[in-house]
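Here the structure is a predicted model, which is why all the values come from computation and not from measurement. Computed from heavy atoms alone, side chains included, the values below leave out hydrogens, waters and symmetry copies. Just so it is clear: chains get the letters A, B, ... in the order the sequence lines come, proteins before strands, and each one is counted from 1.
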2 protein chains.
Amino acid sequence: MNEHQSNAEQLILQAARKVFIEKGMEGARMQEIADEAGINKALLHYYFRSKDKLFQAVFLEAFQKFLPQIEMLINSELPFIQKLEIFINNYITIIIENPYIPGFILHELAQNPQRMAELMKNQVVVVPEFLAQLQQEIKNGVIKPFDPRQILINTLALCIFPFVARPIIQAVFFSDNSENYNVFLEQRKVAVYNFIRSAIFIEKP
Amino acid sequence: MNEHQSNAEQLILQAARKVFIEKGMEGARMQEIADEAGINKALLHYYFRSKDKLFQAVFLEAFQKFLPQIEMLINSELPFIQKLEIFINNYITIIIENPYIPGFILHELAQNPQRMAELMKNQVVVVPEFLAQLQQEIKNGVIKPFDPRQILINTLALCIFPFVARPIIQAVFFSDNSENYNVFLEQRKVAVYNFIRSAIFIEKP
DNA sequence: ATTTGATTTAACCAACTGGTCAAAAGTAAA
DNA sequence: TTTACTTTTGACCAGTTGGTTAAATCAAAT
């Protein structure tokens, strides 16, 4: 039993991760995953019973990778300005490291909302306290009176969208040199923070 | 030749639109499109030679539906505040009427960037003037000194994201009553405008 | 009514898909 | 070495897929 074979399960997961996230559930082929892992196709079914089970494992793992930061943004009791800066920095950093996961999750979610809802119902984050905190800071005159739900969604939108729309943005702005896009994304960590801060925070005289 | 048969091509396109936009190129089945159109599967190949050709027709049509408003935002010479308000209103209105098209386009774009780039290269919008206009307004002290590219992407992100991420947002905020989501989206027309305006425009004393 | 051309269909096909299974190969203890 | 067990494989299967084809139906002109 050499190292290569012994961790076949890890090899499979790694290959499945790549293929599923790149091609999606419908586009992925079991044979391609097997090839990518350098093993026989039957071995996939030996470790994971079906394509669906393997997909579940990949999806949940991908989903959970993005949860902790969101939980921090929602559940921490720091002032919102501080939470926001930390969140945007960490979140964009994570997405840069896993640029295809957001598109993957959103697409599978759209394909089968009710099933994905079941997969995620143990993962739920509680938002009411978050909304209450924002409402409080609005009452305190720290934040302009925007709907807290809109603020949360805007924050996520600004972080996630450039990755979901990467091909078209790159074609428009960086068609000559795609490496510049990474620079652009790096700049976004501070740009997005400044943008939201400028939008919602009331400047004290 | 009754009306039902004579416009078979239109029936097919309508069915293809529905199935492709809902399931994507990979997920769509020619049989399902034929059933949806109420015709024989072979007739699909009679009017459109292949699944690919049919997909192309649907994709281009969908893509073009969103282009005019973006062109207006980019090419009109109105002051940016005015353009922005008109754009956001019209754009979100169009997406509400075609809520699944953004996800469809972004997904297919991500699946095959180079091919989609070819499909779109006749549709290109010219941005340099747009960037120059924003730069000028920054110089004039109308707009805060944000990177014009970031402003454009932020605007699109805030308009599009709630539709791409609809299932998860709905699960978190509107699990009890999904109709409320439409209300929320309607409110976004003004909310997004106020958000961006508050972020980038300099209040004159 | 017959001819001519376009439209529509049922039956079919080769390629591919996820999945199965019995046998082989490997592993470690007795 | 034999035994008992797990891991890995090649061959195979039934169902599905996009696509084809020859024949049938239809519509209009002669």
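Residues from residues 22-36 of chain B lying near DNA chain D, meaning a heavy-atom separation below 4.0 Å, are B/A28, B/R29, B/M30 in numerical order.
By the side-chain hydrogen bond (donor to acceptor under 3.5 Å, both in side chains) test, B/Q64 is found to be paired with B/Q123, residues two or more places apart in sequence or in another chain being considered. Every residue meeting the side-chain contact (heavy atoms from CB on, under 4.5 Å) condition with B/N194, not counting sequence neighbours, appears here in chain and number order: A/F146, B/V190. Partners of A/A157 under the side-chain contact (heavy atoms from CB on, under 4.5 Å) rule, at least two apart in sequence or in another chain, are B/L158, B/F161. Every salt bridge (Lys or Arg N to Asp or Glu O under 4.0 Å) that B/R29 has, sequence neighbours left out, goes to A/E26. Looking at residues two or more places apart in sequence or on another chain, you find a side-chain contact (heavy atoms from CB on, under 4.5 Å) between B/E179 and B/N177, B/N182. Every salt bridge (Lys or Arg N to Asp or Glu O under 4.0 Å) that B/R17 has, sequence neighbours left out, goes to B/E61. Judged as a salt bridge (Lys or Arg N to Asp or Glu O under 4.0 Å), and not counting sequence neighbours, the contacts of B/K189 are B/E186. The salt bridge (Lys or Arg N to Asp or Glu O under 4.0 Å) search around A/K23 returns A/E32, not counting sequence neighbours. B/I86 is linked by a side-chain contact (heavy atoms from CB on, under 4.5 Å) to B/M72, B/L78, B/N90, counting only residues two or more places apart in sequence or in another chain.
Contact between the side-chain N/O atoms of B/Y47 and the OP1/OP2 oxygens of C/dT8 is found at a separation under 4.0 Å.
Taking a pair as Watson-Crick or G-U wobble with both distances under 3.5 Å, DNA chain C forms stems of 3 or more consecutive pairs at C:1-30 with D:1-30.
Residue A/N7 contributes atom CG, which lies 19 Å from atom P of D/dT6 at whole-angstrom precision. Whole-Å rounding puts the B/R49 CZ to D/dG19 P distance at 10 Å. When rounded to the nearest whole Å, the span between CG of B/L43 and P of D/dC26 equals 14 Å. Separating the CZ atom of B/F20 from the C1' atom of D/dG18 is a distance of 11 Å, rounded to the nearest angstrom. Atom CD of B/E9 is separated from atom P of C/dT8 by 11 Å (rounded to the nearest Å). The distance from atom NE2 of B/H45 to atom P of D/dG19 is 4 Å, rounded to the nearest whole Å. Regarding B/Q10, its CD atom lies at a distance of 16 Å from the C1' atom of C/dT7, rounded to whole Å. Put simply, CD1 on B/I39 is 11 Å from C1' on C/dT7, counting in whole angstrom units.
Considering every non-hydrogen atom in both A/I200 and B/F195, the closest pair reads CG2-CE1, 3.5 Å. Between A/F80 and A/E137 the shortest heavy-atom distance is N-OE2, 3.0 Å.
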Protein-nucleotides 11-13 of chain D N/O pairs under 3.5 Å:
none

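Nearest to the side-chain atoms of A/S50 among the listed nucleotides D/dT9, D/dT8, C/dG19 stands C/dG19.
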